K.L.:
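Take this structure, written in structure tokens, and hold onto it; I'll ask about it next.
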Amino acid sequence: MIWNTMQLALREIRFNLMRSILTALGIIIGVAAVIVIVTLGGGATARVTSDISSLGRNLIIVVPGKRGPSGREQGTPFELQDANAILEEVDGVAGVAPTATKSITVIYGNESWSTSIHGTNNGYMGVREWALAAGRAFTRGEERSGRAVCVIGETIRRELFGFQNPIGATIRADNIPCEVIGLLEPKGTATFGTDQDDLVVTPLRTFQRRISGNRDISMIFVSAAAAEMTTKVQNDIQTLLRQRRGIRDNEQEDFEVENLQEITKVVESTTGVLTALLSAVAMVSLIVGGIGIMNIMLVSVTERTREIGIRLAIGALERDVLLQFLVEAMMLSLAGGIAGILFGLFVSFWLSEALNLPFILNVPIVLIAVVFSAFVGIVFGFFPARRAARLNPIDALRYE
Amino acid sequence: MALISLRNITKVYGQGDAQVIALDNIHMTISDGEFVAVMGPSGSGKSTCMNILGCLDTPTSGSYRFQDMEVTTLDQNQRALLRRNFLGFVFQGYNLLKRTTARENLELPLVYRGVPAKERHERADHVLELVGLEDRGHHTSAELSGGQQQRVAIARAIITSPLLLLADEPTGNLDSQRSLEIMNLLARLNEEQGITIVMVTHEADMAEFAKRVITFRDGHIAQDTAEAEAVAP
Ligand SMILES: Nc1ncnc2c1ncn2[C@@H]1O[C@H](COP(=O)(O)OP(=O)(O)OP(=O)(O)O)[C@@H](O)[C@H]1O
Ligand SMILES: [Mg+2]
């Protein structure tokens with residue numbers, strides 16, 4: 001009986017191919033939309049998280065000034081002694097890189113490029129987990145004497161040197177000649193838009209003497225020895241710097257200690273909310289698809305009222321008719337659901353590639369989408385069919 | 001024993017001004033094994049009566065007993081079971097499934113009765129032969145002539161060997177040669193298998209095959225040869 005019913009259903013689907021495809025289309029699009037949105041959302045979250053951790057592991061960033069309602073307020077810059085104090089007095093600190101930054105133009109031959117120059121020490125590469133692709137880092141002597149040497153990022157190499165070897169060449173940074181001694185590994189463009197490879201790194205001493213002309217430190221990078229210690233290190237730095245900057249207990253500090261782990265959490269929860277929101281939109285599209293299915297099912301059942309009458313007259317019971325429509329709706333929904341999954345996976349795989357996001361499949365959402373669409377198809381196929389199956393056979397037969 | 005017993009059956013269509021009394025207080029008793037012809041002018045209520053007998057429609061009032069079972073109080077499902085177990089119906093307008101082959105149309109009643117495929121095929125072959133359509137089994141309804149469709153409809157009604165065969169103008173679209181063949185077939189089913197037959201017809205020739213003729217007029221039974229015999233000894 002069930003085999004016969006399935007054959008019957010298949011035949012009906014085949015006879016009304018266009019209508020069947022339209023019915024399934026609602027499900028296909030709904031399921032595919034949910035899969036694409038959730039997959040891309042998951043990929044974006046993973047990408048942002050990995051971008052943030054690519055800034056450096058267990059990284060803590062100390063900056064002067066406080067984020068206020070109208071942007072960042074200026075604060076007194078740090079001094080080199082602040083950085084040294086952090087290294088010496090705070091437990092669990094693996095490395096400290098006091099850094100000063102300035103926007104400059106670098107020139108080599110006929111090429112010029114606007115970028116920023118960072119004055120710091122060798123610790124910078126360690127704290128930011130940045131390996132050298134070629135050349136070497138600063139020597140102790142170069143750091144102490146403030147020689148005009150620099151390590152450049154991949155973008156600078158590309159823009160100034162093209163296919164030439166940059167190591168040993170001398171570039172001009174704001175008219176100061178500077179020997180290139182090292183090339184950093186590329187890190188790529190982060191999701192938040194900044195090109196991490198667009199920088200020149202020079203010893204802090206060199207920077208202060210030749211470029212900025214003052215002793216200000218605009219940022220201190222600190223790496224904690226272990227992930228569990230970041231919060232403690234963060235708090236200790238806060239306490240230490242409050243003391244050193246003479247801030248009273250009831251006063252707000254004029255600097256900020258940012259823990260990248262916490263930022264990662266915030267970003268994760270933000271993109272999580274965003275994904276949930278988009279999923280809600282996708283669910284709406286699934287519901288709209290469901291209404292389409294409902295319409296077509298209603299039309300299809302109404303159109304076949306006469307057929308239902310004939311079946312009832314020659315020996316079908318109400319449940320035979322219901323079973324037939326149920327199997328038909330189920331087959332359609334299932335086919336639509338599977339096609340929707342394949343289509344959704346294909347599109348999200350393709351978009352992930354195009355947008356350079358990792359492809360992360362959210363299996364529960366896929367299942368929910370399929371179950372929901374099947375449910376819609378079955379419910380909306382079931383009720384009109386039941387109405388028809390309960391008609392007096394003669395009324396069904398007379399139905400035009 | 002009375003197979004069918006209609007008492008005070010009335011069927012009213014529509015309401016108010018558009019009201020039509022299709023059957024007006026009908027009494028009718030049909031015994032097991034009878035072959036009854038129903039005649040009467042168009043619109044006299046023959047099809048209405050057949051639909052009620054076939055449990056396809058319910059009367060507005062009155063009592064219908066089938067094998068001593070009151071049909072009018074049965075629910076949908078019980079009536080469907082009654083149709084499945086005892087009845088065969090040939091519609092005035094054939095009512096074959098569209099886009100479905102003659103053979104599939106024939107086998108469908110057997111599918112609902114849970115007959116295995118092999119037996120279905122054999123019985124379909126058999127009834128196709130009875131109605132002279134051996135070579136048309138694989139044609140869809142649309143590919144058959146009116147007369148051929150009518151014969152498929154008859155074959156579909158008899159394939160289940162019903163207790164009661166209800167046929168609404170089964171020969172309406174056939175030439176006299178075919179009509180005679182079909183009538184012989186029905187007479188044989190009645191004789192050999194004891195199938196009770198109630199058949200609507202407009203043609204006196206066809207009515208001759210029946211042992212009893214009931215004539216309808218304006219929703220009444222104008223004449224019933226069985227009663228006439230009883231009255232005139
Ligand atoms: N569904 C309906 N709605 C309203 N009136 C109907 C309906 N069916 C039949 N009638 C009316 O009931 C009356 C009897 O109709 P019925 O179909 O029983 O006639 P009939 O004797 O079978 O005629 P014919 O020989 O033309 O088939 C007719 O007057 C018809 O108009
Ligand atoms: Mg009629």
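Each chain gets a letter, A, B and so on, in the order the sequences are listed, and its residues count up from 1. As the structure is a prediction and not an experimental result, all values here were calculated from the model.
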K.L.:
Looking at B/R123, B/R120, B/R156, which one forms a salt bridge (charged side-chain N to carboxylate O under 4.0 Å, His left out) with B/E107?
P.N.:
B/R120
K.L.:
With only heavy atoms counted, which part of A/R398 is less than 4.5 Å from chain B, the side chain, the backbone, both or neither?
P.N.:
side chain
K.L.:
Quick check on B/L81 against chain A: is it the side chain, the backbone, both or neither that has a heavy atom closer than 4.5 Å?
P.N.:
both
K.L.:
Picking from A/A396, A/G309, A/A316, which has the most non-hydrogen pairs under 4.5 angstrom with chain B?
P.N.:
A/A316
K.L.:
Side-chain contact test, heavy atoms from C-beta onward, threshold under 4.5 Å: evaluate it for B/D168 versus B/V90 and give yes or no.
P.N.:
no
K.L.:
Non-hydrogen atoms of chain B under 4.5 Å away: do they reach the side chain of A/L312, the backbone, both or neither?
P.N.:
both
K.L.:
Hey, does B/C49 have a side-chain heavy atom less than 4.5 Å from the side chain of B/L6?
P.N.:
yes
K.L.:
Would you mind checking which part of B/R113 comes under 4.5 Å of any heavy atom in chain A, side chain (CB onward), backbone (N, CA, C, O), both or neither?
P.N.:
side chain
K.L.:
Counting only heavy atoms closer than 4.5 Å, note whether B/N51 contacts chain A via side chain, backbone, both or neither.
P.N.:
side chain
K.L.:
Are the charged groups of B/K11 and B/D24 less than 4.0 angstrom apart, N to O?
P.N.:
no
K.L.:
Would you check if the side chain of B/N95 reaches a backbone N or O of A/I310 as a donor-acceptor pair within less than 3.5 Å?
P.N.:
no
K.L.:
Parallel, tilted or perpendicular, judged at 30° and 60°: which one describes the rings of A/F359 and A/F349?
P.N.:
perpendicular
K.L.:
B/T160 versus chain A, heavy atoms under 4.5 Å apart: side chain, backbone, both or neither?
P.N.:
neither
K.L.:
Using atom types as modelled and distance alone, determine if a side-chain donor or acceptor of B/T10 lies under 3.5 Å from a backbone N or O of B/N25.
P.N.:
yes
K.L.:
With a 4.5 angstrom heavy-atom cut-off, is it the side chain or the backbone of A/R11 that approaches chain B, or both, or neither?
P.N.:
side chain
K.L.:
A/L317 versus chain B, heavy atoms under 4.5 Å apart: side chain, backbone, both or neither?
P.N.:
both
